[in-house]
Amino acid sequence: MFLASKHCKNQSRTMISFSCSASPKLTSILALLLILVTMIQVNGQSPPGFISIDCGWENSSAYLNGALNIVYSSDVWFVEGGQNHQISPEFIEDAFNGQQKTLRSFPGGSRNCYTLPSTAGKKYLLRAMFTYGNYDRLNKTLDGSLFLFGLHIGVNFWEAVNLTNWDPSVTVFKEVLTVAPSNSVSFCLINFGSGIPFISSLELRPLQDTMYPFVNTSVSVSYFKRCRFGNITDPITRYPVDDYDRFWESCTFTSYPFINLNTNKNVGSLPGNNDFNVPSAILQQTSTLDTNYSRFSINVASAYNKDALSLQLLPIFHFTEINGSNPNRRFDIFSTGEVLFQGFSPSPLQVDSMYKSGQFLQKGDTFFTLDKTPGSSLPPLINAFEVYSLVQMENLTTDFNDVYNIKQIKTHYNLARTSWNGDPCWPREYSWEGLTCDYSKSNQNPRIVTLNLSTSGLGGRFAILLMNMMSLENLLEGNPVCSNNKDSYCIGKKKKKRRRNTTPILLIAVIVPVVLISLLVGMCILWKLYWKDKSGDNENYAMYEEETPLHIDIRRFTYTELKLITNNFHSIIGKGGFGIVYHGILENGDEVAVKVLMETSIAESTDFLPEVQTLSKVHHKNLVTLQGYCQNKKCLALVYDFMPRGNLQQLLRGGSALNFYECFCQA
């Protein structure tokens with residue numbers, strides 16, 4: 001559908017067999033209507049759930065569209081990247097609203113997405129509008145080259161926007177009815193290499209759950225045509241007449257043999273019929289024929305830039321009898337010669353919405369005929385109708401938890417990769433750089449299994465969110481901070497900077513003797529504690545072994561085995577707040593470091609099992625390998641490869657101050 005300040009053009013053409021065009025008067029009315037719509041910088045409140053975005057609007061303050069009483073805001077909070085533009089001055093004066101004057105273009109990246117907050121499982125109307133306005137001064141719509149880009153709703157192709165050979169002042173709108181897959185709806189512009197994608201405005205409108213029952217998680221529908229009949233002065237009817245801000249085009253026929261009827265009486269719905277909630281104001285007018293005529297046809301044709309053979313259409317007819325004399329009116333409804341409904345008679349002042357549930361017509365160009373039955377006194381009538389094309393929602397979004405965590409990681413490290421836009425895994429050709437996804441389960445959401453940040457130059461704290469990605473099998477080269485510093489899988493508190501040793505020699509001479517005496521006292525205390533521990537060595541630790549092991553592919557050691565490989569915990573190679581690290585030798589002669597949690601910390605330890613599960617999946621040439629673990633109610637331990645050259649602090653001693661985080665892999 002096209003709107004313009006000077007004229008109106010349709011991508012989908014609707015024609016009545018007796019009259020194929022709207023009157024020139026309507027076009028001038030449209031121009032007047034749209035020019036009179038002004039934007040006022042005032043405080044206002046949109047209907048609940050309405051999201052209205054003026055793309056390219058640089059002012060951080062929202063504004064009220066006075067004609068619609070809808071508040072529009074900038075798109076800066078809903079999208080990353082892109083460039084703001086204003087249409088050419090020659091088109092600004094005739095622009096019918098503020099949303100036409102600005103736009104955001106996306107010269108970089110093959111996919112750029114808006115993320116709009118929503119309620120999972122709820123139905124929405126999403127509408128995007130595009131006004132080229134020769135913003136780039138290149139006259140791309142009229143230079144003879146193809147100007148085409150695509151739209152995705154979530155991870156599925158929705159429709160293409162084709163502006164080839166179109167007036168740059170023309171506004172195109174696209175509309176889709178869909179179900180939110182999660183707490184957000186994603187709308188993406190796809191660069192086909194045939195012109196830079198852009199957008200002028202974006203609107204999201206919540207629908208009632210009972211409306212459009214054929215729309216579900218696997219089926220969305222795209223706007224093809226939505227018409228109201230009768231003597232209509234407004235070329236487009238929307239909010240506040242329609243609570244859901246649907247666009248109803250005027251299909252008014254003033255020439256003989258058409259007759260337009262109207263009523264001031266309220267038109268209601270039949271009991272239990274809330275499928276479409278057509279406004280009473282739309283149904284209070286209708287078009288019919290002189291009684292000398294018995295039939296008329298509505299021709300719905302796709303525009304030249306749509307593939308009619310691939311379209312599957314679903315028509316919906318809205319009828320109500322507004323003639324108060326209780327007439328005898330009955331007619332049949334045909335689609336390209338095939339019967340859709342036979343012997344239909346509209347109900348007085350109650351809407352009948354007629355459609356074939358879930359039955360899409362396998363043709364993009366079709367015509368509908370309303371034909372009076374032999375026993376009917378009056379010819380057929382029509383109040384309104386809608387036509388939608390099928391949008392298959394076949395692709396599944398990435399697992400919700402994976403999406404949440406990877407986006408948090410993106411924010412944490414301030415990653416500016418152009419490909420990290422939209423869904424991480426779907427569609428495959430637009431999946432994020434550096435990720436490997438598992439698509440093996442066709443009926444389940446894909447999972448992220450590999451993360452490679454080798455080209456990102458990251459540093460700083462290791463994101464704990466990586467530990468929450470349970471599907472992650474490998475962290476490849478370049479993951480911070482461990483690989484950058486050739487150290488182990490890191491987490492923890494920030495290590496304080498070491499101060500440069502500036503202590504005078506005299507002060508050292510005083511302190512050293514005191515330290516030596518303290519060491520002697522400490523050795524005595526440790527000696528006593530050692531023999532105290534020896535007295536308890538006969539305690540049967542086997543009775544405290546956990547019965548249910550972790551389901552991971554590394555060795556589980558018993559407490560007895562730890563005593564054997566560490567020579568009864570003889571050689572201490574490190575200490576920390578968590579406990580003590582011992583040197584050990586496995587049966588095959590490999591040296592290991594055994595990190596044993598102090599008994600006083602076991603009851604408070606909540607990180608041990610997640611640490612084991614996460615570290616068992618990590619494989620990297622710069623990370624210390626986890627060989628196994630001990631899961632005992634009185635002894636929790638991790639067994640790592642031994643680092644014979646000492647820890648990182650020992651290697652860097654004498655160098656510059658450290659500004660990274662304490663590693664827990666080896667003390």
Side-chain angles (χ1 to χ4, degrees), residues 45-53 55 62 70-81 111-128 151-158 175-189 199 201-212 215-221 244-245 391 393-413 415 419-427 430-432 435 437 441 443-448 463-472:
Q45 185 174 2
S46 293
F50 275 32
I51 297 177
S52 306
I53 302 171
C55 304
I70 294 176
V71 175
Y72 284 83
S73 61
S74 169
D75 61 351
V76 67
W77 305 111
F78 304 97
V79 69
E80 298 178 14
R111 176 179 65 166
N112 289 273
C113 299
Y114 283 78
T115 302
L116 309 180
S118 62
T119 301
K122 186 168 184 60
K123 294 177 183 177
Y124 289 91
L125 179 154
L126 185 143
R127 180 166 49 240
L151 305 179
H152 281 191
I153 181 67
V155 294
N156 293 276
F157 179 78
W158 166 13
E175 198 178 278
V176 67
L177 309 183
T178 191
V179 174
S182 62
N183 59 1
S184 65
V185 172
S186 178
F187 163 78
C188 304
L189 296 100
I199 183 170
S201 66
L202 189 61
E203 300 167 338
L204 189 70
R205 308 293 188 240
L207 303 173
Q208 294 294 327
D209 294 338
T210 56
M211 294 176 65
Y212 299 96
V215 174
N216 52 54
T217 55
S218 59
V219 172
S220 296
V221 292
Y244 309 99
D245 197 23
V391 178
M393 307 295 283
E394 297 175 340
N395 298 332
L396 295 176
T397 57
T398 305
D399 178 82
F400 174 79
N401 291 322
D402 285 1
V403 172
Y404 172 80
N405 287 315
I406 199 66
K407 287 187 175 180
Q408 292 297 311
I409 291 167
K410 176 183 176 181
T411 302
H412 179 83
Y413 289 114
L415 294 173
S419 70
W420 281 37
N421 208 299
D423 188 88
C425 296
W426 273 114
Y430 302 110
S431 61
W432 290 10
L435 300 186
C437 300
K441 299 177 180 177
N443 61 340
Q444 295 185 17
N445 303 81
R447 303 297 302 268
I448 299 172
I464 188 65
L465 290 163
L466 284 171
M467 298 179 65
N468 297 332
M469 298 180 66
M470 303 307 295
S471 63
L472 201 61

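Only heavy atoms go into these numbers, but all of them, side chains included; no hydrogens, no water, no symmetry mates. Bear in mind that the values here come from a model prediction, so they are computed numbers and not experimental data.
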Hits for side-chain hydrogen bond (donor to acceptor under 3.5 Å, both in side chains) against Arg127, two or more places apart or cross-chain, chain-then-number order -> Glu175, Glu203, Asp245

Using only atom types and a distance under 3.5 Å, with no angle test, would you say the side chain of Asn421 pairs donor to acceptor with the backbone of Asn112? no

Q: Assess whether side-chain contact (heavy atoms from CB on, under 4.5 Å) is satisfied between Phe157 and His152, documenting all intermediate values.
A: CA-CA 4 Å; Phe157 179 78; His152 281 191; 3.8 Å; yes

Across all chains, not counting sequence neighbours, the salt bridge (charged side-chain N to carboxylate O under 4.0 Å, His left out) partners of Lys407 are none

Hits for side-chain contact (heavy atoms from CB on, under 4.5 Å) against Leu202, two or more places apart or cross-chain, chain-then-number order -> Ile53, Cys55, Tyr114, Leu116, Leu126, Ala128, Phe187, Ile199

*Side chains of Asp402 and Pro424: closer than 4.5 Å at any heavy-atom pair?*
no

Rounded to the nearest 0.5 angstrom, the CG-CG distance for Leu189 and Leu151 is 6.0 Å

By salt bridge (charged side-chain N to carboxylate O under 4.0 Å, His left out), Asp75 pairs with (sequence neighbours left out) Arg104

Contacts of Ser220 meeting side-chain contact (heavy atoms from CB on, under 4.5 Å) (sequence neighbours excluded), chain-then-number -> Val176, Thr178, Val391, Met393

**OP:** Decide yes or no on side-chain contact (heavy atoms from CB on, under 4.5 Å) for Ile153 and Val185, but give the supporting numbers first.
**Re:** CA-CA 8 Å; Ile153 181 67; Val185 172; 3.9 Å; yes

When every non-hydrogen atom of Tyr244 is compared with those of Pro206, the smallest separation belongs to CD2-O, 3.6 Å

Taken in chain and number order and not counting sequence neighbours, the residues that satisfy side-chain hydrogen bond (donor to acceptor under 3.5 Å, both in side chains) with Ser52 are Arg205

Please test Trp432 against Ile406 for side-chain contact (heavy atoms from CB on, under 4.5 Å), starting from the C-alpha separation and ending with a verdict. CA-CA 10 Å; Trp432 290 10; Ile406 199 66; 3.7 Å; yes

Sequence neighbours excluded, the answer for side-chain contact (heavy atoms from CB on, under 4.5 Å) partners of Thr217 is Val179

Taken in chain and number order and not counting sequence neighbours, the residues that satisfy salt bridge (charged side-chain N to carboxylate O under 4.0 Å, His left out) with Asp423 are none

Value for OG1 (Thr397) from CH2 (Trp426), rounded to nearest 0.5 Å, stands at 11.0 Å

Residue set satisfying disulfide bond (SG atoms under 2.5 Å apart) with Cys425, at least two apart, ordered chain then number -> Cys437

To the nearest 0.5 Å, atom OG1 of Thr210 lies from atom NZ of Lys123 at 7.0 Å

Residues at least two apart in sequence or cross-chain that pass side-chain hydrogen bond (donor to acceptor under 3.5 Å, both in side chains) with Tyr430, listed by chain then number, are none

With sequence neighbours left out, the residues meeting ring-ring contact (aromatic ring centres under 6.0 Å, His included) with Phe78 are none

Nearest heavy-atom contact between Ala180 and Ser118 is CB-OG, 3.4 Å

Rounding to 0.5 Å, atoms CG (Asn445) and CG (Leu396) come to a distance of 5.5 Å

Residue set satisfying side-chain contact (heavy atoms from CB on, under 4.5 Å) with Ser431, at least two apart, ordered chain then number -> Tyr439

- prompt: When you measure from the side chain of Asn395 to the backbone N and O of Asn156, does any donor-acceptor pair fall under 3.5 Å?
  reply: no

Give the C-alpha distance, both sets of side-chain angles, the deciding distance and a yes or no for side-chain contact (heavy atoms from CB on, under 4.5 Å) between Val221 and Tyr212. CA-CA 9 Å; Val221 292; Tyr212 299 96; 5.6 Å; no

Value for OH (Tyr124) from CG (Leu207), rounded to nearest 0.5 Å, stands at 9.5 Å

Smallest heavy-atom separation, Cys113 atom then Gly422 atom, equals SG-CA, 3.5 Å

